[in-house]
Amino acid sequence: MPPLSGRLALGLCPRRLLSFLPRSDLPLFAFPSARPSALPRPTLRRPLSNVSATTLSLRLCSSARVFWSFSRALTLPYTSTRPRRGLSGLRPCSCGPSASPPHSQLFLELWLGWAPGGGWAMRTALVYHEEMTAARLLWEDPECEIERPERLTAALERLQQGGLEQRCLQLAAREASEAELGLVHSPEYVSLLRGTQALGTEELRALSGQYDAVYFHPSTFHCARLAAGAALQLVDAVLTGAAHNGLALVRPPGHHSQRAAANGFCVFNNVAIAAKHAQQKHGLQRILIVDWDVHHGQGIQYIFEDDPSVLYFSWHRYEHGCFWPYLQESDADAVGLGQGRGFTVNLPWNQVGMGNADYMAAFLHVLLPVAFEGQMQATPECFAHLTQLLQVLAGGRVCAVLEGGYHLESLSQSVCMVVKALLGDPAPPLSGSMVPRHSALESIQSVRAAQAPHWTSLQQQGPARLLNPSTCSPEGRRPPVSPGGPGFKAAEAQGSAVPRSLLDQLHLYPTPPARTAAALMAQDAALVLPPDVLRPEGSAPQEETQAWARLHEALAQDTAFIALGKVLHLLNGILDGQVSSGIATTPAAAATLEVAIRRGLSHRAQRVLCVAVGQLDRPPDLASDGRNLWLNIRGKEAAALSMFHVSVPLPGTTGGFLSCILALVLPLAYGFQPDLVLVALGPAHGLQDPQAALLAALLRGPAGGRVLVLVEQESTSQLAGVLARVLHGEAPPSLGPFSMASPEDLQALIHLRGQLEAQWKMLQVAAPS
C-alpha cells in the first residue's frame, strides 16, 4: 500500500557498491553502443529564438536525428550571468572545455555546461505526464478514495512554486510497450488490463473487487503504461548520461503489484520493470532498490527474492503483522530464497511514531554497511538527508520513483525535499531529538541478526540476538489496520503537522545564494572547478585578521596570514548564510582550525563539530562546555577522553574506513546536531582523495550543508578540486575494491562505541536489555 506522507521508492542503478556492485571499469556516464538514430529527439517547449543555456528544456520523443544535430549546434560552456549578492567579491570560476568533445558525447550538453566527457552536464531529470491524472475512482469506496489525481498535481505545483521544476531536465513520460511490461508481468495479466479500456463502470467495479485495495478506470491501462514508461525513461536518461539522477513523478504506484495481480492501488510494478530493463538493455550487474514506504513492497520482494543481482531494502510499518499487507514475509527474518538469500533486507517497524533518529539509525547501521559491502513521523527534510546519503553510492546515479503518499501537503513537501537533494542542494537540519526509540532499536537488532550470516560487515560489529516476535513489546500490538480504513486515516491526519516543521526549518535556514565557495592559495588559481563554485576575491578586514592571528605565531607569516584572511571571509559568509559550504587551503592547518572553531562559536554557531584528520591536536584551552565535539581521525590510539573528545586511528582498509565513518563518525555527527561542521586535513592526514571526498560528502548532512573544509597546503590541488565538487553536490569517486576491516581496527571501533553508547544514543544498534 502506498505511504502516508510522500515516501519514495528509490531504485538505484548502481555501477559499484563496493563488494556488492560490479567492477568499476565502466565510465561514470555510460554511452552504450547505441547509434544516434536509436536515441530520441527533443521537442522544444519554447521557440528556438528564446533558447539559452540556462532555460532550454527538452521533451524527448521518438526519433533522434533532430536531437543530435540540435545538440551539436548548441554545445557551449556554461557562463553564469546571474547577479551575485551577499559575499563580496565572489565570481563564478571560469572553466569550460577548450574544444568541442567528440560527437558521441554531445548528448544533452546544454544545461550547465559540459557533457560527460568534459565535466558538468544537466544533473536532474523530472519525468511526468499530465495524462497520468486521468484515472480516478468512479464509485464510492472509502478504502480506495485516497488514491486520487491530486497526488500528482499537488506535488508538481509545489515543485513549480519552489522553482525546482525549472531547474530540472523535464521529460514527458512515454508508454511502456507490452514487451517491456512482460519483463515482469504475465501476458495474460497484461491482456486483462488492456481489456479494461472497454469496460463499463459496473464491470470495472466487479473486476476491481477481485483484488485487494484496487480500483480500475477506463484510463487505468494508459496511465499505468505511462507510469512504467516514466521509470524506464528515467533509467535510460541516467544510464546514457543525459541526466545524472532524477525523479519519475507517477501514478498509479507499483511496488505491491505482482506478476499476475494488481494490489494496493498498484497495477504494473514500475520499479521492478525499470530494474529488469536496466539489466537487459544496459547490462547492469548489480542494482539496489531502496523502498521507503509505510507499507511493505511485497511485489518487488516476490519478483527478486531469488535474484542475487538485485538487493532489495524496505522499511515499513509492520506492527508484528497487524498492519497491511499482513504478511509474515514482511518481517526481518525474510532474507530471500536460494541464491538470493541475503539480498532481501526487511526492516519492520513494530510501533507507530518512528522519527528522524530512527530512520537515520536504520540507514547508518543497516542499509549503508550492506550496500557498501556488496504511521511514521519522518519529517519531509529527513527525505532530503536519506536521498543525500544514497547519492554517495553508485557514482550518484539515483533514480527515484514516486510510489504513494496521501496527505497532499506532506507529499508535495517530501517530493520537493527529494528533488532538492538530487539537485545537490544542502538538506535542512533535522528537527527533534536524535535518540532512536526502543522499538526501532529492536527492529534494527533483529534485521542485523537475520542478515549477519550473509554480510561480513554486520558480523564484524559484534553479535546481535534475533528477537522472537513474542518478546517485542507484545502489549503494544494493535488491531489489524487496513489501507484506507479508520486507523489509516487517523494516521494520515497526524501527518498534517509535518509541513509546519519544514516551513519553520526553511525559515530558519534559507537556501544561501551560493552553494559552495573555494578560498585557494595562489598556486591553485588554475584549478578547474564546477561553474557555480565561487572564488572569493576579498578577505576579512585587516584588523579582524590581525586579532585572530595573535592566537598563533605561525599565523603571522605572510602566506599563513593571507590564507587566514580568506578563511575568515569565507567562514563569515557561511555563518551569515551567504554561502552554504566552502573549502580553503592553508599552510597552517592546526592554527587556522583553532581560529575557525573560536570564530564559529562566537558568531552564530551554538555547536561546532570538528573532524580533524592527521597530526592535529585539540587546543588545550578549548572550553569543554558541550558546544564543540572534537573527533580526531588518525589519532595515536582509540580513546574517548571525554564525551566531546574522541580519537580513533585511521583504518588501513576500505572496509575499516567505511565502518569508522558509518558506525562512529556519522552517528556522533547526527547525534550532536551541529550548526557548523569543520573538517581539517592536516599534516600527514593519510586520506586518499576518494576517502576525503566521501567524508566531506557525508558530513554535508548534519549541519544543513554548512561545512568548511581546511586543507593543509602540502596536499595536492587535485584533492582540493575533488572536495569542492562533492561539497557542491557531486557524488564522490569510488573508493575502489572493497577489503574487510582488520581485527585491530574493528577492536578499536568496538572499544570506542562501548565507551560512548551511553551518552550518544545514535551509536546503538540494539535495544538495551
Side-chain angles (χ1 to χ4, degrees), residues 16-20 361 363-374 389 392-393 444 448 451-464 609-618 629-641 645-671 679-699 732-757 760 762-766:
R16 181 172 187 80
L17 298 181
L18 293 181
S19 67
F20 171 67
F363 250 51
L364 297 180
H365 298 311
V366 179
L367 174 62
L368 290 180
V370 169
F372 270 113
E373 190 196 282
L389 289 174
V392 305
L393 305 171
I444 292 171
R448 284 173 59 90
Q451 295 292 336
H454 311 289
W455 299 98
T456 308
S457 59
L458 298 182
Q459 299 170 11
Q460 292 184 327
Q461 295 184 23
L609 168 65
C610 179
V611 180
V613 188
Q615 298 173 1
L616 297 169
D617 295 326
R618 184 179 186 273
L629 171 58
W630 178 279
L631 178 56
N632 182 216
I633 300 176
R634 205 171 193 184
K636 297 177 181 178
E637 60 180 356
L641 302 179
H645 185 185
V646 181
S647 176
V648 61
L650 176 65
T653 65
T654 302
F657 177 75
L658 285 169
S659 293
C660 177
I661 301 303
L662 298 178
L664 181 69
V665 175
L666 284 184
L668 288 175
Y670 274 102
V679 180
L681 305 183
H685 60 75
L687 291 185
Q688 299 174 5
D689 289 3
Q691 292 176 319
L694 179 65
L695 178 63
L698 291 172
L699 286 173
S734 169
L735 292 178
F738 185 84
S739 54
M740 296 310 304
S742 69
E744 295 78 14
D745 290 338
L746 288 172
Q747 188 57 43
L749 183 62
I750 292 172
H751 171 70
L752 275 178
R753 289 170 60 89
Q755 286 185 283
L756 295 166
E757 276 186 358
W760 297 104
M762 285 295 292
L763 290 170
Q764 296 180 348
V765 296

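Residue numbers start at 1 and run along the sequence shown. Hydrogens, waters and symmetry mates are skipped; everything else that's a heavy atom, side chains included, is used.
- Closest non-hydrogen pair, I444 versus V765, comes out as CG2-O, 3.7 Å.
- Within the 3.5 Å criterion, the main-chain N or O of M740 finds a donor-acceptor partner in the side chain of T653.
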Give the C-alpha distance, both sets of side-chain angles, the deciding distance and a yes or no for side chain to side chain contact (heavy atoms under 4.5 Å, CB included) between L749 and L664.
CA-CA 8 Å; L749 183 62; L664 181 69; 3.7 Å; yes

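- Atom CG of L631 sits about 9.0 Å away from atom NE2 of H645, to the nearest 0.5 Å.
- For the pair F372 and L662, the minimum side-chain heavy-atom distance is below 4.5 Å.
- Side-chain contact check for L699 versus L609: some heavy-atom pair is nearer than 4.5 Å.
- Side-chain contact between V665 and I633 is present, with heavy atoms from C-beta onward closer than 4.5 Å.
- T654 and S739 get closest at one heavy-atom pair: N-OG, 3.3 Å.
- In this structure, the side chains of S647 and R618 stay at 4.5 Å or more apart for every pair of heavy atoms.
- Between H685 and V613, the closest heavy-atom pair is CB-O, 3.4 Å.
- A donor-acceptor pair is defined here as one N or O able to donate and one able to accept, closer than 3.5 Å; such a pair exists between the side chain of E373 and the backbone of S457.
- Once rounded to the nearest 0.5 Å, the distance linking CZ of F363 with OH of Y670 reads 10.0 Å.
- Nearest heavy-atom pair across I661 and P667 is O-CD, 4.0 Å.
- Counting all heavy atoms, side chain and backbone alike, L389 lies closest to V392 at O-CG2, 3.1 Å.
- Heavy-atom minimum distance, P732 versus L694: CB-N, 3.9 Å.
- Looking at H365, its side chain does come within 3.5 Å of a backbone N or O of M762 through a donor-acceptor pair.
- Side-chain contact, Q755 with H751: a donor N or O sits under 3.5 Å from an acceptor N or O.
- Proximity of a side-chain donor or acceptor of R753 to a complementary backbone N or O of L763 within less than 3.5 Å is detected.
- One N or O on the side chain of Q459 and one on the backbone of A452 form a donor-acceptor pair closer than 3.5 Å.
- Between the side chain of D745 and the backbone N or O of P651, no donor-acceptor pair lies under 3.5 Å.
- Two residues are said to be in side-chain contact when any heavy atoms from C-beta on lie closer than 4.5 Å; F738 and L658 meet this criterion.
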Pair W630-L641, side chain to side chain contact (heavy atoms under 4.5 Å, CB included): steps then yes or no
CA-CA 10 Å; W630 178 279; L641 302 179; over 6 Å; no

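- The distance from atom OG of S659 to atom CG of L746, rounded to the nearest 0.5 Å, is 6.0 Å.
- A donor-acceptor pair under 3.5 Å links the side-chain atoms of Q691 to the main chain of Q688, judged by distance alone.
- Annotation: side chain of Q747 is not in contact with side chain of E744 (no heavy-atom distance under 4.5 Å).
- The closest side-chain heavy-atom distance from V646 to N632 is not below 4.5 Å.
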